[in-house]
Amino acid sequence: DGRGLAGARVILINSDGGRFSAISDESGYYALDVAAGGYGISAEHPGYAFTSGQVEALAGLVSAARPLVGTPLSGPSVSKAGYLLPPVFS
């Protein structure tokens with residue numbers, strides 16, 4: 001429906017297997033403070049399935065990931081996700 005998805009857990013995993021996560025706020029926004037480098041990115045929310053992706057965090061910059069596509073049990077949806085980014089959408 002295009003609104004931010006509150007309570008989604010966004011997870012970054014670095015090449016060493018380190019995991020970092022944040023929960024989206026009531027508007028679907030979130031932030032992660034991580035070291036520069038490449039990360040796998042995914043999201044979790046009850047009733048949704050998300051497609052994992054890759055993101056590059058750059059030193060001293062706010063980075064954006066490609067959208068994570070989420071599918072609610074009732075039909076398709078697109079979720080935005082990343083590092084201090086646009087909201088996660090339902």
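Source: prediction; values computed, not measured.
His45 places a side-chain heavy atom less than 4.5 Å from the side chain of Phe50.
A pairwise comparison of heavy atoms in Ala35 and Ala57 identifies O-CB, 3.8 Å as the closest pair.
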Taking distance alone, no hydrogens or angles, what donor-acceptor pairs closer than 3.5 Å link side-chain atoms of residues 6-17 to residues at least two apart or in another chain?
from: Arg9; atom 1: NH1; to: Ser21; atom 2: OG; distance (Å): 3.1
from: Asn14; atom 1: OD1; to: Asp16; atom 2: N; distance (Å): 3.0
from: Asn14; atom 1: OD1; to: Gly17; atom 2: N; distance (Å): 3.0
from: Asn14; atom 1: OD1; to: Gly18; atom 2: N; distance (Å): 2.7

